[in-house]
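Taking it in order: structure first as structure tokens, then the write-up.
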Amino acid sequence: MGFEIGIGEKFASWVFCRCDLRLPDGLSATEVGKGLWVSTGDELPFKLDTWWRRQLGDIVADYLEKEASFCLTAKQPSKDPTIVDAEIVFLERRVRFFAWGVVLSVGATQFDLARIVSGGRDEKGFRLKLGTPEHFVRSGGFPRPTSQIEDFFRAARFTERAQSMEAERESDAQLYWRALSGLDAFVTAVKSQLAHVKLHQFVRAIESFLPSKGSGERPFSEYCKNLCPTNETELKEIYRLRNMSEHHRPFVHAVGSAETADRRLRQADVLCRELFRRFFADLPDFQIHFRDNSSLKRFWEDTPVLERAWGPKLDLNATA
């Protein structure tokens, strides 16, 4: 096996079974960030012993051992590799950020079964802990996603940066408040099966990148036009749909047809993921812009800085 948990290491792995994500050709176990690995299903870094097979049952155990599509793993050395403690909590959080980074890079994948397997290994073998993560729900009409190896490197960068923001907040709870609240909204959107909930949460996530005065249809569209200059109509309709959901009104009535509403949902999904990708995964100095409300306000007021940070303008109408 080319990839494994070494003696004296702790880890957390998110195993995706029967997942529809198209993986890069010839993918083998690859370290894409510090202690962050992506591997195929036949390269799981842990082994299930007889006791765990009994606890899981043959169906789930067989899924993990025989039906795994790919695996995301966070691992690190440990002085006490078989003790379930704060190190395990940290690694589980790390692999969750890693998985959300993949979603941000390629879109939501569908899978039959997934487990988060964590623990450690000493000279006597593995001590494992298992959990069941949430499913992802792809916005209606999106095709099956395809990944390149760079998507996993990007997801690893996002992981490092998300955890660095959390670490800074330990000394000041107000730091990165909008950024991490927006990430929570994005996670809620991806997990929801309901179109009106998904769009509402995607818009909330988009708003977290804007100054606090960016709420409301007109401010929202004016700010977002800096990123999508040809899409004023689409941006306004996205926000109207958000309002319908917020105020418990029939979702489609804001734009006249279910087809248009579905397309606006996909466009909100794309804009949301593009914001996270460009600003939190690709922009080297993202911290100085999203640290607090004052830095965010300065960022949006300095047009040349904003344009350099954002890069090529986005055309939402490229999303069918």
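Because the structure is a prediction, the values reported are computed rather than measured. Residue numbers run from 1 in the order of the sequence given.
- The aromatic rings of Tyr239 and Phe220 lie tilted to each other, with the angle between the two planes from 30° to 60°.
- Checked against side-chain contact (heavy atoms from CB on, under 4.5 Å), Leu275 has the following partners two or more places apart in sequence or in another chain: Ile206, Phe209, Leu227, Leu271, Phe279, Trp310.
- Looking at Thr319 and Phe142, their side chains come closer than 4.5 Å, going by heavy atoms from C-beta outward.
- For Ser257, the side-chain hydrogen bond (donor to acceptor under 3.5 Å, both in side chains) test picks out Thr260, with sequence neighbours left out.
- In the displayed structure, Trp300 atom CH2 is contacted under 6.0 Å by more than 12 heavy atoms of other residues, nucleotides or ligands.
- Within the 3.5 Å criterion, the main-chain N or O of His196 finds a donor-acceptor partner in the side chain of Ser245.
- Across every non-hydrogen atom of Thr109 and Pro145, the tightest pair is CG2-CG, 3.8 Å.
- Hydrophobic clustering keeps Val84 apart from Phe126 (ILVMFWY residues linked when any side-chain heavy atoms are closer than 4.5 Å, directly or through intermediates).
- Arg138 contributes a side-chain N or O that, together with a main-chain N or O of Ala108, makes up a donor-acceptor pair within less than 3.5 Å.
- A distance-only check finds a donor-acceptor pair linking the side chain of Asp20 to the backbone of Gln110 [under 3.5 Å].
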Enumerate, atom names and distances included, each donor-acceptor pair closer than 3.5 Å involving a side-chain atom of residues 52-65, sequence neighbours excluded.
| residue | atom | partner | partner atom | Å |
| --- | --- | --- | --- | --- |
| Arg53 | NH1 | Glu65 | OE1 | 2.3 |
| Arg53 | NH1 | Glu65 | OE2 | 3.4 |
| Arg53 | NH2 | Asp62 | OD1 | 2.9 |

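- Looking at residues two or more places apart in sequence or on another chain, you find no side-chain hydrogen bond (donor to acceptor under 3.5 Å, both in side chains) involving Lys191.
- Closest heavy-atom contact between Val106 and Arg273: C-NH1, 3.9 Å.
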Test side-chain contact (heavy atoms from CB on, under 4.5 Å) on Glu4 and Arg121; report intermediate values, then the result.
CA-CA 10 Å; Glu4 64 179 3; Arg121 182 184 181 190; 3.8 Å; yes
Where do Lys313 and Glu307 land on the side-chain contact (heavy atoms from CB on, under 4.5 Å) test, with the steps shown first?
CA-CA 9 Å; Lys313 303 299 185 182; Glu307 289 180 345; 3.9 Å; yes
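- Under the salt bridge (charged side-chain N to carboxylate O under 4.0 Å, His left out) criterion, the residue pairs touching residues 164-178 are Arg93-Glu166, Glu168-Arg291, with sequence neighbours excluded.
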Exercise answer: donor-acceptor pairs, residues 23-33 side-chain atoms, under 3.5 Å, sequence neighbours excluded:
| residue | atom | partner | partner atom | Å |
| --- | --- | --- | --- | --- |
| Thr30 | OG1 | Ser28 | O | 2.8 |
| Glu31 | OE2 | Gly35 | N | 2.9 |

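- In the hydrophobic clustering of ILVMFWY residues, with side-chain heavy atoms under 4.5 Å counting as a link, Met244 and Phe202 come out apart.
- Taking each heavy atom of Pro312 and Arg278 in turn, the nearest pair found is O-NH1, 2.5 Å.
- Other residues, nucleotides and ligands contribute at most 12 non-hydrogen atoms within 6.0 Å of the CD atom of Gln193.
- Scored by the side-chain contact (heavy atoms from CB on, under 4.5 Å) test, Ala205 finds Ala185, Phe186, Cys272, Phe276 as partners (sequence neighbours excluded).
- The hydrophobic cluster containing Ile88 does not contain Ile5, counting ILVMFWY residues as joined when their side-chain heavy atoms lie under 4.5 angstrom apart, directly or transitively.
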Please report the C-alpha distance between Leu128 and Leu48 in whole Å, then the side-chain angles of each, then the deciding distance to 0.1 Å, and finally whether the side-chain contact (heavy atoms from CB on, under 4.5 Å) criterion is met.
CA-CA 8 Å; Leu128 301 180; Leu48 298 174; 4.0 Å; yes
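- Both Phe286 and Leu180 sit in one connected hydrophobic cluster of ILVMFWY residues. Membership requires side-chain heavy atoms under 4.5 Å apart, directly or through other members.
- Residues Asp269 and Ser139 have side chains that bring a donor and an acceptor to within less than 3.5 angstrom of each other.
- Residues that satisfy the side-chain hydrogen bond (donor to acceptor under 3.5 Å, both in side chains) test with Asp151, not counting sequence neighbours, are Arg154.
- Cluster membership for Leu175 and Leu183, using ILVMFWY side-chain heavy atoms within less than 4.5 angstrom, is shared.
- Between the side chain of Lys198 and the backbone N or O of Val137 there is at least one donor-acceptor pair closer than 3.5 Å.
- The number of heavy atoms from other shown groups lying within 6.0 Å of CZ (Arg249) does not exceed 12.
- In this structure, Val203 and Leu199 have side chains that are in contact, with non-hydrogen atoms separated by less than 4.5 Å.
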Which atom pairs, donor and acceptor, lie under 3.5 Å between side-chain atoms of residues 8-16 and protein residues at least two apart or in another chain?
| residue | atom | partner | partner atom | Å |
| --- | --- | --- | --- | --- |
| Glu9 | OE1 | Gly6 | N | 2.7 |
| Glu9 | OE1 | Lys75 | NZ | 3.3 |
| Lys10 | NZ | Asp80 | O | 3.1 |
| Lys10 | NZ | Ile83 | O | 2.8 |
| Lys10 | NZ | Asp85 | OD1 | 2.8 |
| Lys10 | NZ | Asp85 | OD2 | 3.1 |
| Lys10 | NZ | Glu87 | OE1 | 2.7 |
| Ser13 | OG | Thr73 | OG1 | 2.7 |

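- Under the side-chain hydrogen bond (donor to acceptor under 3.5 Å, both in side chains) criterion, Arg157 pairs with Glu150, Asp282, sequence neighbours left out.
- Residue pairs meeting the salt bridge (charged side-chain N to carboxylate O under 4.0 Å, His left out) criterion with at least one partner in residues 213-222, sequence neighbours excluded, are Glu217-Arg240, Glu222-Lys225.
- In this structure, Cys71 and Pro45 have side chains that are in contact, with non-hydrogen atoms separated by less than 4.5 Å.
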Worked check of side-chain hydrogen bond (donor to acceptor under 3.5 Å, both in side chains) between Asp292 and Ser295
CA-CA 6 Å; Asp292 54 30; Ser295 61; 3.1 Å; yes
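- Looking only at side-chain heavy atoms (C-beta outward), Glu123 and Ile7 come within less than 4.5 Å of each other.
- Side-chain contact, Glu92 with Ser118: a donor N or O sits under 3.5 Å from an acceptor N or O.
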Under the side-chain contact (heavy atoms from CB on, under 4.5 Å) rule, what do Phe280 and Met165 come out as? Steps first, then yes or no, please.
CA-CA 10 Å; Phe280 287 177; Met165 287 190 284; 4.2 Å; yes
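- Separating the CZ atom in Phe3 from the OG1 atom in Thr40 is a distance of 10.5 Å, to the nearest 0.5 Å.
- Nearest heavy-atom pair across Leu36 and Ala74 is CD2-CB, 3.7 Å.
- Judged purely by atom type and a 3.5 angstrom limit, Arg204 has no side-chain atom pairing as donor or acceptor with the backbone of Ser181.
- You'll find the side chain of Asn317 reaches within 4.5 Å of the side chain of Arg263, heavy atoms only.
- A heavy-atom distance below 4.5 Å is found between the side chains of Val255 and Leu241.
- Residues Asn231 and Asp315 are in side-chain contact: their nearest non-hydrogen atoms beyond the backbone lie under 4.5 Å apart.
- Side-chain atoms of Leu113 and Glu67, non-hydrogen and from C-beta on, never get closer than 4.5 Å to each other.
- With salt bridges taken as basic N to acidic carboxylate O contacts below 4.0 Å, none links Asp262 and Arg266.
- Sorted by first and then second residue, the pairs that involve residues 95-117 and meet salt bridge (charged side-chain N to carboxylate O under 4.0 Å, His left out), not counting sequence neighbours, are Arg18-Asp112, Arg96-Glu134.
- Pairing each heavy atom of Ala156 with each of Phe98, the nearest pair is N-CE1, 3.9 Å.
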